Amino acid sequence: FGVVPGWPALGLARLRMCAAIFLDQMSRNIVAVRGEGALDDAAGFRARCDAAALVLAMSLVVDVSGPAMGKQLLALGSPAELCFLSLVLRHSRKPKFIQISGHLLRSVVAELDSSSAGLSEAQLGEAMHLFERFLAETEDAAMAVGVEAYLSRALSVDEPLPLVGAPPAPAPRLAVLDERCQRHSACFLPW
């Protein structure tokens, strides 16, 4: 963990975690409670808070990376705090950070599976349920980022297929969209 003379390493790491969570949630909560007009530059404020929170969160990930990552993370905070720490990474909307968020959550789940980290059976069940929900949302976020990037490119760069007249040359590759959609068709079809 990071070192500041006179500060215990675990205390400083916990302070970085709490600051990252606070910064990540603050702008979102202000807008949620007061509305988009609450801040003159809500998007800029959120971006600045997110940038600072991401640096703090990544500094923790670097400090605890390795085979004992889950154990070290549980020494820093409660299961709920660690789920919110994973949100800092997920809110970046960057595939690599979302991947790290999922790894963080899975490493804590693996540690809880092997040691229970001193939690009662009821607390362990609640923690595992919470981690399952956050993992599912993290996987959804990873998929959404890919879909949004594809749609953005498709709607801004790709040219629409003319419905009348002679077919374009070369013929468009309609299978590309079909393949992407078919992979996720179970999400949209009721049967």
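The model shown is predicted, which means the values in this text are computed figures rather than measured ones. Note that the numbering runs from 1 along the sequence shown for the chain.
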CA sep, side-chain torsions, deciding dist, call: S59, R16, side chain to side chain contact (heavy atoms under 4.5 Å, CB included): CA-CA 8 Å; S59 74; R16 285 185 285 149; 2.7 Å; yes
Please assess M17 against L73 for the test side chain to side chain contact (heavy atoms under 4.5 Å, CB included), listing each intermediate value before the final yes or no. CA-CA 10 Å; M17 180 187 69; L73 285 167; over 6 Å; no
CA sep, side-chain torsions, deciding dist, call: H103, Q99, side chain to side chain contact (heavy atoms under 4.5 Å, CB included): CA-CA 6 Å; H103 178 68; Q99 181 183 12; 5.9 Å; no
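Rounding to the nearest 0.5 angstrom, the gap separating the CD atom in E111 from the CG atom in L82 is 11.5 Å. To the nearest 0.5 Å, the span separating CD on E139 from CD1 on I98 amounts to 11.5 Å. Distance check, rounded to the nearest 0.5 Å: CD1 of I100 to OG of S65 gives 10.0 Å. R28 contributes atom CZ, which lies 11.5 Å from atom CD1 of I30 (distance to the nearest 0.5 angstrom).
Of the possible donor and acceptor atoms, one in the side chain of E81 sits under 3.5 Å from a partner among the backbone N and O of S78. Proximity of a side-chain donor or acceptor of S115 to a complementary backbone N or O of L112 within less than 3.5 Å is not detected. Between the side chain of Q123 and the backbone N or O of S120, at least one donor-acceptor pair lies under 3.5 Å.
Listed by chain and number, the residues in a salt bridge (charged side-chain N to carboxylate O under 4.0 Å, His left out) with R48 are D41 (sequence neighbours excluded). With sequence neighbours excluded, the residues that form a side chain to side chain contact (heavy atoms under 4.5 Å, CB included) with L130 are A80, C83, F134.
With contacts defined as side-chain heavy-atom distances shorter than 4.5 Å, the pair K94/V145 does not qualify. Here the side chains of F131 and R106 are not in contact, with every heavy-atom distance at 4.5 Å or above. With a 4.5 Å cut-off on side-chain heavy atoms, S92 and D50 do not count as touching. By the 4.5 Å heavy-atom criterion applied to side chains, D24 and F84 are not counted as neighbours. For the pair I21/L56, no side-chain contact is recorded, criterion being any heavy-atom separation below 4.5 Å from C-beta on.
Following chains of ILVMFWY side-chain contacts shorter than 4.5 Å, one can reach V108 starting from L10, so the two form part of one hydrophobic cluster.
Heavy atoms only, all atoms of each residue included: L87 and Q25 are closest at CD1-NE2, 3.8 Å. When all heavy atoms of A20 and L85 are compared, the pair lying nearest together is CB-CD1, 4.5 Å. Across every non-hydrogen atom of L104 and S86, the tightest pair is CD2-CB, 4.2 Å. Minimum heavy-atom separation, Q72 to V64: OE1-CA, 3.2 Å. Minimum interatomic distance between D113 and M128 (heavy atoms only, all atoms of both residues): OD1-CE, 2.8 Å. Scanning all heavy atoms of the two residues, the minimum distance from A57 to V88 falls at CB-CG1, 3.7 Å.
No side-chain donor from either of R46 and H91 sits under 3.5 Å from a side-chain acceptor of the other. The closest side-chain donor-acceptor pair between T138 and R90 falls under 3.5 angstrom.
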